[in-house]
Number of protein chains: 2
Amino acid sequence: MDNIYYKIYRDYAKQIQNGILRPHSKLPSENELAEAYTTSRETVRKGLNLLAQNGYIQKVKGKGSFVLPIDRFDFPVSGLVSFKELAAKMRESPVTRVVSLEASLAGEEIASRLKVGPDEPIWKVVRTRTMDGEAIILDKDWFLQSCVPDLTKEICEDSIYQYLEKTMDIPISFAKKVITVEEATEEDSSLLDLTRHELIVVVRNYVHLEDAQLFQYTESRHRPDKFRFVDFARRQ
Amino acid sequence: MDNIYYKIYRDYAKQIQNGILRPHSKLPSENELAEAYTTSRETVRKGLNLLAQNGYIQKVKGKGSFVLPIDRFDFPVSGLVSFKELAAKMRESPVTRVVSLEASLAGEEIASRLKVGPDEPIWKVVRTRTMDGEAIILDKDWFLQSCVPDLTKEICEDSIYQYLEKTMDIPISFAKKVITVEEATEEDSSLLDLTRHELIVVVRNYVHLEDAQLFQYTESRHRPDKFRFVDFARRQ
DNA sequence: TAGTGGTCTAGACCACGGG
DNA sequence: CCGTGGTCTAGACCACTAA
């Protein structure tokens with residue numbers, strides 16, 4: 001709310017998402033925006049660069065900034081987007097079921113993934129995601145208890161990210177994501193509505209706080225035919 | 001090239017990749033860097049922000065900028081990285097085989113993907129990528145001939161991206177990438193060394209020029225057990 | 001308190017595009 | 001030519017960290 005450049009980013013991102021600003025239309029020039037927001041050109045440019053990085057606009061030297069004609073529907077699946085945020089952009093109504101929620105010690109495998117000792121207290125959450133009556137995603141989350149003291153079934157049924165960021169004010173900073181395809185396990189078969197495919201798309205997410213501390217490891221296991229990952233990337 | 005902030009980015013990216021700067025070590029402060037490069041702090045900050053966006057460093061208010069302890073091996077698979085660039089970072093020696101290279105008209109499906117008419121002249125390139133003696137990736141590329149006049153088998157065996165950027169000076173700007181898992185086709189089976197899996201990971205890439213014109217469509221079809229996609233993402 | 005990064009300003013010069 | 005975005009400057013104030 002405070003940042004001027006972030007307000008410019010939000011203002012135009014919203015207008016582009018709502019279709020108020022049509023694809024290929026031209027934004028005001030940087031000088032005009034600086035006047036409109038009573039700020040300097042460099043501040044305007046920070047806002048416009050955010051829009052460009054996130055695929056909203058294209059800046060062309062000597063001409064101006066233009067709205068990109070990209071489908072905003074399937075879009076921000078890239079980056080650090082949680083299931084709840086993703087589902088909000090879709091037509092179907094998804095259901096989250098909490099299979100288990102337990103406080104325990106890390107153990108061998110998770111300890112190595114979270115780079116802590118095997119006796120580190122952690123939360124383990126297992127959830128399934130159902131769309132159109134079919135359980136198609138199995139989400140397994142491990143959190144450091146030292147970062148998240150309380151966790152309830154109600155929070156897990158909603159969005160854990162929202163709880164951490166909005167309610168707890170825990171600053172999530174960055175994440176590394178690894179996508180592979182692996183053999184389905186017995187757990188996958190028992191908790192998901194698998195069709196004939198014996199393969200599962202596994203998205204491993206290593207989530208870090210602002211001080212770069214690794215605090216969460218997530219495995220999101222998707223039925224292959226329902227998996228879709230979209231990414232927007234700029235050169236340099 | 002001459003950009004000061006880009007030089008700062010390259011200098012430190014290289015030092016971090018080479019291990020000259022160890023993980024968790026502290027970079028000089030922004031004021032010190034401004035002096036060292038005889039430039040202003042805002043310019044230094046642009047370089048540091050590039051490093052942060054690409055996962056090299058973490059900036060902490062009141063403390064400084066620190067090298068992130070992230071495996072740089074499997075890393076820049078994110079973004080607009082071509083097979084050649086990717087392979088250069090791996091131990092194995094990959095082989096590219098050009099299956100076909102032809103000039104033709106777009107036709108129905110490709111015309112809709114490239115958003116041109118079906119009579120638009122295009123290049124179609126089909127290549128297989130072999131590692132450790134197994135053909136594991138099938139790459140199918142379509143280019144607008146209006147953007148790329150000449151294309152030879154030799155160029156396709158090397159890196160098309162390198163040819164476009166370095167030799168032709170065609171400015172690639174951004175790309176949208178969609179990853180899905182689909183049934184293997186007969187073409188997949190005949191050109192790749194598939195194991196029992198009947199599924200193929202399909203990475204569709206829509207590549208745009210600086211004026212936002214869509215000029216290339218690529219389908220990269222991977223054997224599931226050899227597929228791996230890594231992504232680094234920052235919140236906001 | 002001193003040093004750090006985060007934001008912002010009010011200029012400047014440049015390269016590019018189109019009339 | 002003028003307007004555009006790209007780069008850069010030399011300051012400023014703030015919030016945060018650590019001694």
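Residue numbering restarts at 1 for every chain, and letters A, B, ... go by the order of the sequence lines. Hydrogens, waters and symmetry mates play no part in the numbers below; they use all other heavy atoms, side chains included.
Nucleotide D:dG5 holds its C1' atom 12 Å from the CD atom of A:Q58, rounded to whole Å. Whole-Å rounding puts the A:K46 NZ to D:dT7 P distance at 14 Å. B:E210 has its CD atom 12 Å from the C1' atom of D:dG5, to the nearest Å. Atom CZ in A:R45 sits about 11 Å away from atom P in D:dC8, given to the nearest Å.
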Test side-chain contact (heavy atoms from CB on, under 4.5 Å) applied to A:D11 and A:Y37, step by step: CA-CA 11 Å; A:D11 285 356; A:Y37 283 87; 2.7 Å; yes

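With DNA chain C read from its 5' end, the first of the two nearest nucleotides for A:T39 and B:K59 is the one closest to B:K59.
Residues passing the side chain to side chain contact (heavy atoms under 4.5 Å, CB included) test with B:T43, sequence neighbours excluded: B:I4, B:Y5, B:T39, B:S40. Applying the side chain to side chain contact (heavy atoms under 4.5 Å, CB included) criterion to A:T152, with sequence neighbours excluded, gives A:E154, A:I155. In terms of the side chain to side chain contact (heavy atoms under 4.5 Å, CB included) criterion, residue partners of B:N18 (sequence neighbours excluded) are, by chain and number, B:K14, B:I20. Not counting sequence neighbours, the partners of A:S29 by the side chain to side chain contact (heavy atoms under 4.5 Å, CB included) test are A:N31, A:E32. For A:F227, the ring-ring contact (aromatic ring centres under 6.0 Å, His included) test picks out A:H222, with sequence neighbours left out. Considering only residues two or more places apart in sequence or on other chains, B:W142 meets the ring-ring contact (aromatic ring centres under 6.0 Å, His included) condition with B:Y217.
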Would you give me the side-chain donor-acceptor pairs under 3.5 Å for residues 59-70 of chain A, sequence neighbours excluded?
| unit_1 | atom_1 | unit_2 | atom_2 | d |
| --- | --- | --- | --- | --- |
| A:K59 | NZ | A:E30 | OE2 | 3.2 |
| A:K59 | NZ | A:N49 | OD1 | 3.3 |

Per-nucleotide protein contact string for nucleotides 11-19 of chain C (B base, S sugar-phosphate only, - none; heavy atom under 4.0 Å): -B---BSS-

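For residues 24-38 of chain A, proximity to DNA chain D is found at A:S29, A:E30, defined as any non-hydrogen atom under 4.0 angstrom from a strand atom.
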